[in-house]
Amino acid sequence: MKKDLLSIQDLSLADINDIFKLAQRLKKDKKKFAKTLAGKSLALIFQKPSNRTRVSFEVGMYQLGGHSFYLAPQEINLGVRESIKDVARTLSRYVDGIVLRTFEHKNCLDMASVATVPVINGLSDFSHPCQALADLFTIKENLKNLKSITLAYVGDGNNVCNSLLFAAAKTGMHLSVATPKGYALDTEVVKQALVMAKDSGSHIKITEDPFSAVCGAHVVYTDVWASMGQEEEINKRKIIFKDFQINAKLLINAAPGVLVMHCLPAHRGEEITDEVMDSKNSVVFDQAENRMHVQKAILIKLLKS
Ligand code: CP
Ligand code: NVA
């Protein structure tokens, strides 16, 4: 596996399968791995808020016998008090790994380019690889394989959607993406994914019609309409995205037993209704739990010497 995990593109299919196998063992038997990362330290540099990413990395590291600490936005003041590269150079002298949650993806690339320890992307404006890995792990747990599965993503063509796209293209899962006009995935990103999809057999469909995306889908996924950093756009987006809500009507033509997924945090009543989020089809809190198991596997792969 490469030194850093900044995007799903950093992983081979074999890496992904290894992470899933290890995550499964970690989920089954927590005690067995209680000392696996003893003596190791992980720094969490976050420029944006977090519940799942911060807590799952911190608890995961603790459960592996290691230690982690959180550096809040005002603490390091990345790029203002000190350049990102100098932060990376310094932290590399103290810690065994860095998780970075940031705005521009370039910050992840800059940090990884000089850090001598692994850098893990805990969300950038471009991608959220740990989320997509936990999502696919959750789908596998429920539906056994990925190859014959179609996931429909309905909403904003954002970081989470990018990572799902690459993850689908890598693993052979089929993906239908429905976004409103003007909020589609970047065409260059889609182009890259289509190249990968040729090898894996994944079918990628891009549309502006949520009903067409969801028709026959085994999994329906959504995310917030306005991501962190876009809060001031929410009123405008509420109008533009109103037909892209995951609700009972939209799910009528999905496959029977369709799984409903959301990376969380959810804005109930906007991109997803209470009824759907709280239904028996919803696996959103399993996804949240699996963040920890999958990230523990990633930490072992990257930090264990
Ligand atoms: N899904 C996710 O990354 O959640 P947080 O923003 O709470 O970390
Ligand atoms: N797209 C969302 C994901 C949050 C986990 C954001 O970037 O805010």
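It should be emphasised that the depicted structure is a prediction, and the values quoted were computed from it without experimental measurement. Counting starts at 1 for both ligands and their atoms, following the listed order.
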message: Can you name the atoms of ligand 2, numbered from 1 with element, that are less than 4.0 Å from a heavy atom of L123?
response: 3 (C), 4 (C), 5 (C), 7 (O)

task: Among all protein heavy atoms, pick out the one at the shortest distance from atom 7 (O) of ligand 2; state its residue, atom name and that distance to 0.1 Å.
output: N159 ND2, 2.8 Å

field: Pair S200-K147, side-chain donor/acceptor within less than 3.5 Å
entry: no

Q295 and S56 side chains, donor-acceptor separation under 3.5 Å: yes

message: For the residue pair T150 / H174, report whether a side-chain donor-acceptor contact shorter than 3.5 Å exists.
response: no

field: Whether N162 side chain and F126 backbone form a donor-acceptor pair below 3.5 Å
entry: yes

message: Are any of the N/O atoms on L264, whether in the backbone or the side chain, positioned under 3.5 angstrom from an N/O atom of ligand 1?
response: yes

query: So, for F241 and Y183, is the gap between ring centers shorter than 6.0 Å?
result: yes

task: Number the atoms of ligand 1 from 1 as they appear, then name those within less than 4.0 Å of a heavy atom of C263, with their elements.
output: 1 (N)

message: Once you restrict to heavy atoms under 4.0 Å, what part of L123 touches ligand 1? Side chain, backbone, both or neither.
response: neither

message: Which residue and atom name correspond to the protein heavy atom nearest atom 3 (C) of ligand 2, and how close is it?
response: D223 OD2, 3.5 Å

message: For ligand 2, which is the ligand I care about here, please tell me if K48 has any N or O atom under 3.5 Å from one of the ligand's N or O atoms.
response: no

- line: min-distance protein heavy atom vs atom 8 (O) of ligand 2 -> M228 N, 2.8 Å

field: Side-chain donor-acceptor contact under 3.5 Å, Q24 with E141
entry: no

query: Which distance, rounded to the nearest 0.5 Å, do you find between the CD of Q131 and the CG of N290?
result: 10.5 Å

- prompt: So which heavy atom in the protein is nearest atom 7 (O) of ligand 1, and how far is it from that ligand atom?
  reply: N51 N, 2.7 Å

field: Winner among M228, H128, R54 once heavy atoms are compared against atom 3 (O) of ligand 1
entry: H128

Any L264 heavy atom less than 4.0 Å to ligand 2: yes

message: Measuring from atom 6 (O) of ligand 1, which candidate in R101, K48, R52 has the nearest non-hydrogen atom?
response: R101

query: Is the charged tip of K140 near the ring of F20: under 6.0 Å from the six-membered ring centre and within 45° of its axis?
result: no

